[in-house]
Amino acid sequence: MTGTGVRCMLMRGGTSKGAFFLADELPTDPTSRDDLLLRIMGTPDPRQIDGLGGAHSVTSKVAIVSPATRPDWDVDYLFLQLGVGEPTVSDRQTCGNLLAGVGQFAVERGLVPAGAERTTVRVRLVNTGSIALSTFDTPDRTVDYTGTTAISGVPGTAAAVELDFTDTEGSVCGSLLPTGRVRDEIDGVAVTCVDNGMPVVVVRAIDVGVTGYETGDELAANTALTEQIQSLHTKAGQLMGLGDVSAAPVPKTTLVAPPRAGGAICTRTFIPLRPHPSIGVLGGVSVVTALLLDGAVGHDLLVTSSASGPFEIEHAGGKLAVGVELDESTPPRVRRSTVIRTARKLFDGTVFPRQ
Ligand code: NQM
């Protein structure tokens, strides 16, 4: 396929942007596939100037979609995180933001028929094994991306995409509390390690010497903080059973602080070392799940009037509202998690990879 074009749809999904492919239009061998994707995205040039990537991890993403392997769902979605300055391709996490475009892509490519007004696509997240339902508008049986829903971090409005997750609990690490405890200590700092679809280390901002209200640039400029986050990332990865995570995008670290804009909690997230402009979807769901647990780091900071939300997570770019339904058993179980996103088709055509 080198030198020739590959069919590709560029989509914004939530606050991420990525290249969407049908699996059977890419090489089947993962090594050749990853080599091709690196050249398509322009990695490892930090500017990704010769490819589709946008020089940030939230715009250096790939979704590979294929027909379902079982009748229990409609399509398989494999997410790949491509490095920006490093030639890495990782399948160690999924992405709930790009997921917001998967159902529409499946309809546009003819994998799933559109409903008369609305369509629900059952998507299997190949990276984690869980299933998400994605529901979106299809008036006249065609995908309509236009609408009146605004989400923080994206200018303007678009059609709402409802995402509903089940079986995300422990889907990367094996259990909701992968260390077996609701609270651990790393480098003398109290942390809660959680996995409700995304492995996350929750830390009080004040415990690492910041307020939790800094801008991304201020956090990025704080080299002592970056070193601390790196150490937390590496050691939490071991504690969570993820092994050597030095080149892996997970676990994420989320700093929490009291809300100050009417939300349930204020957050600043690192993916894994660079400040996130907002917060990931499953990252946000995992943080809220942790905060709901008695004894978790930050539990006392959560401001909420309802047991299942929606919980408005304040982040560096605004707010993300998530719903998390827990049952009260011991240990607690997650019934479902929900979030509203928007998505948009940016182009559909042929991409020509760098030689
Ligand atoms: O947590 C960024 C994003 C994500 C992932 C990241 C995501 C999620 O903002 O489900 O969406 O945490 O790497 O898209």
Side-chain angles (χ1 to χ4, degrees), residues 11-20 41 53-63 77-84 86 88-102 123 125-132 134 151-154 161 163-169 171-173 194-202 216 229 233 236-237 242 245 247-255 267-290 313 315-324 334 337-344:
M11 295 186 89
R12 174 183 65 76
T15 50
S16 283
K17 187 157 59 180
F20 285 60
M41 297 305 277
H56 193 289
S57 59
V58 298
T59 51
S60 185
K61 299 185 166 195
V62 165
Y77 153 50
L78 172 68
F79 168 71
L80 295 175
Q81 176 68 60
L82 271 73
V84 177
E86 307 277 341
T88 52
V89 181
S90 173
D91 64 1
R92 295 187 70 180
Q93 70 165 80
T94 185
C95 174
N97 269 309
L98 272 206
L99 168 66
V102 169
V123 181
L125 312 181
V126 174
N127 306 73
T128 62
S130 48
I131 306 282
S134 175
I151 60 171
S152 292
V154 179
V161 183
L163 299 177
D164 196 325
F165 299 95
T166 47
D167 294 331
T168 46
E169 177 180 322
S171 57
V172 179
C173 303
V194 66
D195 167 15
N196 188 15
M198 184 67 69
V200 182
V201 189
V202 180
I229 301 290
H233 166 74
L242 293 168
V245 294
V250 285
K252 319 288 175 192
T253 301
T254 295
L255 309 183
T267 62
R268 293 293 183 267
T269 299
F270 296 81
I271 50 169
L273 305 182
R274 193 167 171 186
H276 196 305
S278 51
I279 190 169
V281 167
L282 285 158
V285 161
S286 292
V287 169
V288 165
T289 308
I313 305 172
H315 54 66
K319 285 185 194 161
L320 170 70
V322 302
V324 176
V334 182
S337 316
T338 52
V339 68
I340 303 282
R341 300 274 78 192
T342 64
R344 217 166 69 76

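We count ligands from 1, going down the list as the structure has it; atoms in each ligand are counted the same way.
With values rounded to the nearest 0.5 angstrom, His315 atom NE2 is found 8.5 Å from His276 atom NE2. The distance from the CZ atom of Phe79 to the CG atom of Leu125 is 11.5 Å, given to the nearest 0.5 Å.
Nearest protein heavy-atom neighbour of atom 14 (O) of ligand 1: Ser16 OG, 2.5 Å. The nearest heavy-atom contact from the protein to atom 1 (O) of ligand 1 is Gly283 N, 2.9 Å.
Not one N or O on the side chain of Ser337 forms a donor-acceptor pair closer than 3.5 Å with the backbone of Val285. Between the side chain of Tyr77 and the main chain of Cys95, a donor-acceptor pair closer than 3.5 Å is present.
Checking Asn97 against Arg341 by side-chain atom types alone, a donor-acceptor pair falls below 3.5 Å.
Of all atoms in ligand 1, numbered sequentially from 1 with element shown, those under 4.0 Å from a heavy atom of Ile271 are 6 (C), 12 (O), 13 (O). Taking a cut-off of under 4.0 Å to the non-hydrogen atoms of His276, the atoms of ligand 1 that pass are 2 (C), 3 (C), 4 (C), 9 (O). Annotation for ligand 1: atoms under 4.0 Å from non-hydrogen atoms of Met198 are 1 (O), 8 (C), 10 (O). Under a 4.0 Å criterion applied to the non-hydrogen atoms of Lys252, ligand 1 contributes the atoms 6 (C), 12 (O), 13 (O).
Ligand 1 has a nitrogen or oxygen under 3.5 angstrom from a nitrogen or oxygen of Gly96. For ligand 1, the polar-atom distance check finds an N/O of Leu282 within less than 3.5 Å of one of the ligand's N/O atoms. For a threshold of 3.5 Å applied to N or O pairs, the pair formed by Gln81 and ligand 1 contains no separation below that value.
Lys17 meets the salt bridge (Lys or Arg N to Asp or Glu O under 4.0 Å) test with no other residue; sequence neighbours excluded. Legend: residues meeting salt bridge (Lys or Arg N to Asp or Glu O under 4.0 Å) with Asp164, ordered by chain and number and at least two apart, are Arg336.
When the options Val281, Thr59, Val287, Thr254 are ranked by their closest heavy atom to atom 7 (C) of ligand 1, first place goes to Val281. Nearest to atom 11 (O) of ligand 1 by heavy-atom distance, out of Val200, Thr94, Asn97, is Asn97.
Residue Cys95 places a heavy atom less than 4.0 Å from ligand 1.
Residues Val62 and Phe20 are not in side-chain contact: their nearest non-hydrogen atoms beyond the backbone lie 4.5 Å or more apart.
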